[in-house]
Amino acid sequence: MPLVQNRVVNVAGHKEMSILNKLIWQVEMRLHQPVGLRDLAQVCAVSPYHMARSFQIAAGLSPMAYLRARRLSVAAGYLARGDQDVLSIALDAQYNSHAAFTRAFVAYFGVTPQSVRHARSVHNLTLMEPLKMQKEMIVDVPPPVTKTRPAFRVIGLGKQASFDDNAALATLWQQFNAREDEIGDIIGDCAYGVCCAAGEQGHFRYVAGVAAPSDAGIPAGMEEIALPDGKYAVFTHKGHIADFPKTVYTIWNKALPDAGLEPRPAPEFELYDKRFDVETGRGEVEVWIPIQ
């Protein structure tokens with residue numbers, strides 16, 4: 001693998017850039033400057049929540065985790081060249097001491113900066129290259145419908161998931177379908193896939209369940225999610241469920257900003273009703289994104 005260069009992704013000339021492309025551009029421009037999530041969000045003209053959620057869906061990690069990985073990868077290239085001392089490289093990567101830089105470097109690469117300098121090579125390191133927009137993930141998504149929904153409660157089976165964890169989520173739904181009758185009274189005839197508690201490395205909590213009354217008990221091994229009242233942008237995925245990740249990717253990185261909508265920090269959810277055929281995996285699925 002060649003040494004990482006401080007390359008800038010060439011997207012500045014585009015009239016319309018996705019949030020991902022805007023953030024990548026800003027990160028590359030600020031690798032050697034102090035910057036926080038709010039700073040990046042401000043220059044990209046979105047809220048910190050919108051930026052974090054969009055980027056996690058597109059890249060599988062948080063914007064700040066990506067920034068740290070890019071800084072350490074560029075630093076590894078400088079170490080391998082051997083033309084700067086370690087402290088200078090550490091300061092350039094926005095670490096205030098040799099010790100802090102070494103801890104971060106070892107935590108990310110599993111080797112010390114000194115070992116890379118001694119080897120004069122990064123061939124054994126997994127470097128974070130500048131990300132690029134996955135154009136094949138952008139699909140046609142109908143404009144959203146704005147709806148207001150009262151607070152409700154979902155009971156179901158949950159697990160930690162990631163945005164490329166479709167097989168595991170399919171298994172979770174099978175497990176829930178086999179136990180749905182344990183809940184007793186439910187509200188309506190819809191099923192809900194709720195995404196909440198997104199973490200820094202792109203993971204989140206996913207609950208497959210149904211709406212239940214406030215006094216419904218929680219069966220052993222299940223959990224509940226309370227969804228607040230508020231306004232939602234409702235998008236519709238049409239086709240096979242295998243293409244659903246592309247719809248979600250497009251919603252967060254293109255469709256929401258194109259519609260001029262700003263998400264609010266609350267759980268989003270998928271709504272499955274009679275329009276979706278569980279047996280074939282085809283039909284329509286609604287994606288409810290909470291908005292300001």
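Counting from 1, the numbers follow the sequence of the chain as shown.
Other residues sharing the hydrophobic cluster of L87, ordered by chain and number and joined by side-chain separations under 4.5 Å: L91. Members clustered with I225: F152, V154, Y192, V194, V207, L227, Y232, V234, F269, L271, W288, by chain and number, using a 4.5 Å side-chain heavy-atom cutoff among hydrophobic residues.
S47 meets the side chain to side chain donor-acceptor pair (under 3.5 Å) test with E262; sequence neighbours excluded. For D273, the salt bridge (Lys or Arg N to Asp or Glu O under 4.0 Å) partners two or more places apart in sequence, or in a different chain, are R275. Contacts of E270 classified as salt bridge (Lys or Arg N to Asp or Glu O under 4.0 Å), with partners at least two apart in sequence or in another chain: none. Considering only residues two or more places apart in sequence or on other chains, F55 meets the ring-ring contact (aromatic ring centres under 6.0 Å, His included) condition with Y66. Checked against ring-ring contact (aromatic ring centres under 6.0 Å, His included), F176 has no partners two or more places apart in sequence or in another chain. Evaluation of the salt bridge (Lys or Arg N to Asp or Glu O under 4.0 Å) rule for E182 yields R179 as partners, not counting sequence neighbours. Every residue two or more places apart in sequence or in another chain was checked for a salt bridge (Lys or Arg N to Asp or Glu O under 4.0 Å) with R30, and none qualifies. Legend: residues meeting ring-ring contact (aromatic ring centres under 6.0 Å, His included) with Y272, ordered by chain and number and at least two apart, are W173, F276.
Sorted pairs that involve residues 227-250 and meet salt bridge (charged side-chain N to carboxylate O under 4.0 Å, His left out), not counting sequence neighbours, are lacking altogether.
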N/O donor to acceptor pairs below 3.5 angstrom from side-chain atoms of residues 99-106, sequence neighbours left out:
{"from": "T102", "atom 1": "OG1", "to": "H98", "atom 2": "O", "distance (Å)": "2.9"}
{"from": "T102", "atom 1": "OG1", "to": "H98", "atom 2": "ND1", "distance (Å)": "3.3"}

